[in-house]
Enquirer: 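Mind having a look at this structure? Questions to follow.
Proteins come first, then strands; the chains are lettered A, B, ... in the order of their sequence lines, and each starts at number 1. Nothing here was measured: the structure is a model prediction, and the numbers come from that model.
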Amino acid sequence: MEKYFKDIFNGAIALLQGMSITLKTMFGVLAKDEATTVQYPEETLDLDHTFGYVQAQFDDDGYSNCTTCMGCIRACPPGCITLTRGKHPENPKQKIAITYTLDYAKCEFCNLCVEACNDDAIFMAPIHEFPFFDRSKMNVEMVTDMKKGNDLKELSDQEIKDMEAKMKRLF
Amino acid sequence: MIQKFAESLSTQPYIQSLIYGAICSTLILGVSALCVMSLIFLERKVSAWMQSRLGPNRVGPRGLLQMIADGIKLIRKEDIVHDQIMKFLFNLAPCIAVAAPFAAFATVPFADGVQVVDFQLGIIYVFALTGFSVVGILIAGYASVNRYSLLGALRATAQMISYEIPMIIALLGVLCFTETLSLRETVLYQQTHGWNILYAPVSFIIFFIAATAECNRAPFDLVEAESELVAGFHTEYAGIKFAMFFFGEYIAMMLACSLTVVIFMGGWLAPFGFLPFEVGSILYTVWGLGWFAAKVALLLFTMMWFRWTFPRLRIDQLMVFCWKVLIPISMVNLLIMAVISALIKG
Ligand code: SF4
Ligand code: SF4
């Protein structure tokens, strides 16, 4: 008998506690603007420490760092990387990628290619909004197109360095 | 006013009452349709706020046009049914689900003199009709020829049968004092004696919980428990028929809150007997309507608050809660109330 009333009493208290929590949340949203919602196209979250799209990296004189070792191609699970090997214009003994094409329709942003690369020729750019409206455009030619200014996103050298530092910390 | 207008149109009493009924039901339908639309919008907003979200805010200023968009979407939707439904019953069910709670509004006193008819048996009439609305759900579940629907409908019936009992018993405790079954007189009693909620708080709590269960609102929404029964009794319904069930559910909710307000919270009366206008004047009616709407809105908000706070009960918990908690407490409450009223009234 005692347990019966105790149960009812405790239950009522628990229900009231729950109701006070929801009410508090509601007033938090209404009065203090505490909603967790991000109004996406207008506001964005600060996501620069997370992975985004694979992007080629260029050294100081504007050439790709890639030595065409094919490590990334072997590492890539869906096989979405293709490249053409050529000679470095200033140093004919050095091999360099003339084209480096990435099929973003297949890429799963797994970062394996970046890990495989010993020459820091590619990295994950912190771009999260990069929609394509046409499948044929998803084959992005990084070395030539990006040099022409069709960059996925303009990144300063400092930004790239910061990012790499952050990513290294993750592994 | 409407009565006089109807009388001016014809001398035949039955034509007068027909005109009167038509005008009143159109008015109630229009107002309740508007209320339901804003309730759905508010429900979405309140649920969002309680979950630390913002809710619909893209369509129109502050998302206000969202309710119109919802309505248009529901009405324009294609009505897809499978070919084994029992057609007549299937189409009848949503009509019953809307008509029953809607008809019960006929005797709810919105303000002094703003009431379609003042039955002597108003309370019994209202409870007969709320009990009838479960028939709509049962028919829907049966005619859908779908296991989930039938399960939902059976749950609705079980729930209805169980929760009607504490509700009525809780009400009986109040009736010991008011000694009337007319809703208008219940309010008038409270005008002289103070609100019923003050001396029957237990009855009020039990009545409100049972009313929430009657409307199949969360945490008692086992009837349409999405995680168990797809959508319960309205799994097979789409488009406007689904919208009618939705409409019926919200009208039932409004009815339950109106009844609670009339029986326990003094209907159109302002708190503390505050009365700035002369009884019977137009301003007094508007003042009363305002208070009635405010109290109903408060209770509706409480129902939404329940819904977005409590998890759904399991079917056995539902039954245990009713038969082992609500019914014994309401019986003891009734006994105490009866003794007190006998002592007071001599
Ligand atoms: S991120 Fe993964 S899938 Fe994309 S190119 Fe690199 S290895 Fe291939
Ligand atoms: S991007 Fe890196 S891993 Fe891939 S071929 Fe060039 S150097 Fe090798």
Enquirer: side-chain hydrogen bond (donor to acceptor under 3.5 Å, both in side chains) for Thr25(A) and Trp49(B)? Distances and angles first, verdict last.
Expert: CA-CA 7 Å; Thr25(A) 317; Trp49(B) 293 332; over 6 Å; no

Enquirer: Which bit of Tyr4(A) comes within less than 4.5 Å of chain B, counting heavy atoms only: side chain, backbone, both or neither?
Expert: side chain

Enquirer: Give, as side chain, backbone, both or neither, the part of Phe306(B) having an atom under 4.5 angstrom from any heavy atom of chain A.
Expert: side chain

Enquirer: Can you name the residues that form a salt bridge (Lys or Arg N to Asp or Glu O under 4.0 Å) with Arg85(A), not counting sequence neighbours?
Expert: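 Arg85(A) satisfies salt bridge (Lys or Arg N to Asp or Glu O under 4.0 Å) with no residue once adjacent residues are dropped.
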
Enquirer: Write down the atom of Thr22(A), the atom of Trp305(B), and the distance for their closest heavy-atom approach.
Expert: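 In this case the closest contact between Thr22(A) and Trp305(B) is OG1-NE1, 3.2 Å.
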
Enquirer: Minimum heavy-atom separation for Phe301(B) and Leu23(A), please, with both atom names.
Expert: CZ-CD1, 4.1 Å

Enquirer: Are there residues of residues 9-20 of chain A that reach to under 4.5 Å of chain B by heavy atoms, and which ones?
Expert: Leu15(A), Gly18(A), Met19(A)

Enquirer: Is it the backbone or the side chain of Pro219(B) that comes under 4.5 Å from a heavy atom of chain A, or both, or neither?
Expert: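 When you check distances to chain A, no heavy atom of Pro219(B) falls under 4.5 Å.
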
Enquirer: Using 0.5 Å steps for rounding, measure from the CE atom of Met26(A) to the OG atom of Ser47(B).
Expert: 10.5 Å

